[in-house]
**Q** 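First, the structure itself, so that you have it in front of you.
Just so you know, these numbers come straight off a predicted model, no measurement behind them.
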Amino acid sequence: MKFNPILESFEEYKPSNININEGFIDLSKNENPFDLSLDLKKIFFQKITETNINRYPELTADNIRQKIATFLNSYFSKYNIDLDINNIVVGNGSDEMISYLVKIFSGTEVIVCPPTFEMYEFYSLLNGFSVKKSL
């Protein structure tokens with residue numbers, strides 16, 4: 001097995017290490033700056049103890065997709081949307097979802113709008129797209 005030759009043109013990935021001034025909240029890594037409450041942690045722990053974590057989750061994630069669709073239909077009820085599981089996509093984090101997005105759309109160019117999450121550009125280049133950066 002050989003590596004994709006395009007990887008040779010990539011610079012070494014170095015996650016940003018921005019020093020944020022006191023009083024500012026760093027959102028650059030898509031992390032929540034606030035910890036979960038103790039009550040929520042207890043609920044989470046209880047759910048984990050009730051879950052068979054030694055098994056893969058259901059392949060199509062129909063259960064969670066249906067719950068998300070039901071929630072969104074309720075939350076946006078004034079707009080009369082009618083989502084079902086076929087309108088909802090779930091994945092293992094934003095990196096995986098971005099890689100899928102780049103793979104399923106056709107074309108030759110991708111526009112990114114810096115400053116933005118670096119993985120848009122990474123997966124676009126990896127899949128052979130020309131990347132244009134907006135000003």
**Q** Show me, pair by pair, the donor-acceptor contacts under 3.5 angstrom made by side chains of residues 122-135, not counting sequence neighbours?
**A**
| residue | atom | partner | partner atom | Å |
| --- | --- | --- | --- | --- |
| Ser124 | OG | Tyr120 | O | 2.6 |
| Asn127 | ND2 | Tyr123 | O | 2.7 |
| Lys133 | NZ | Glu121 | OE1 | 3.4 |

**Q** Got a sec, which hydrophobics cluster with Leu40, joining ILVMFWY side chains under 4.5 Å apart, including via others?
**A**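 Joined to Leu40, directly or through intermediates: Leu36.
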
**Q** Got a donor-acceptor contact below 3.5 angstrom from the Asn52 side chain to the Asn54 backbone?
**A**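 No, because the side chain of Asn52 does not come within donor-acceptor range (under 3.5 Å) of the backbone of Asn54.
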
**Q** Just jot down the side-chain hydrogen bond (donor to acceptor under 3.5 Å, both in side chains) partners of Lys41, sequence neighbours excluded, or say none.
**A**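 side-chain hydrogen bond (donor to acceptor under 3.5 Å, both in side chains) check on Lys41 returns Asp35.
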
**Q** Checking side-chain polar atoms at under 3.5 Å, does Asp62 have a donor or acceptor matched by the opposite partner on Thr60?
**A**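 Yes - a donor-acceptor pair under 3.5 Å links their side chains.
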
**Q** Please walk me through it: do Asp84 and Arg65 pass side-chain contact (heavy atoms from CB on, under 4.5 Å)?
**A** CA-CA 8 Å; Asp84 64 27; Arg65 290 169 50 223; over 6 Å; no

**Q** Carefully, step by step, assess Thr70 and Lys67 under the rule side-chain contact (heavy atoms from CB on, under 4.5 Å).
**A** CA-CA 5 Å; Thr70 300; Lys67 288 180 179 182; 5.7 Å; no

**Q** side-chain hydrogen bond (donor to acceptor under 3.5 Å, both in side chains) with Asn63: which residues, sequence neighbours excluded?
**A**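 Not a single residue meets the side-chain hydrogen bond (donor to acceptor under 3.5 Å, both in side chains) criterion with Asn63.
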
**Q** May I ask you to list the residues sharing a hydrophobic cluster with Tyr75, side-chain cutoff 4.5 Å, ordered by chain and number?
**A**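 Members besides Tyr75, by chain and number: Ile64, Ile68, Phe71, Leu72, Phe76, Tyr79, Ile81, Leu83, Ile88, Val90.
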
**Q** Grab the two heavy atoms, one from Cys113 and one from Thr116, that are nearest each other, plus how far apart they are.
**A**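 Minimum heavy-atom contact is O-CB, 3.5 Å.
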
**Q** Is it the case that atom CD in Glu58 sees more than 12 heavy atoms from other parts of the structure closer than 6.0 Å?
**A**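 Above 12, so yes.
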
**Q** Under 3.5 Å, which donor-acceptor pairs link side chains of residues 93-111 to any protein atom two or more places apart or in another chain?
**A**
| residue | atom | partner | partner atom | Å |
| --- | --- | --- | --- | --- |
| Glu96 | OE1 | Asn92 | N | 2.4 |
| Glu96 | OE2 | Tyr100 | OH | 3.1 |
| Ser99 | OG | Glu96 | O | 2.7 |

**Q** Enter the distance from Asn73:CG to Gln66:CD here, rounded to the nearest 0.5 Å.
**A**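 With rounding to 0.5 Å, CG (Asn73) is 8.5 Å from CD (Gln66).
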
**Q** Taking Lys47's backbone N and O only, do any of them form a donor-acceptor pair with Thr51's side chain (distance below 3.5 Å, no angle check)?
**A**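 Side chain of Thr51 to backbone of Lys47, a donor-acceptor pair under 3.5 Å: yes, one is there.
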
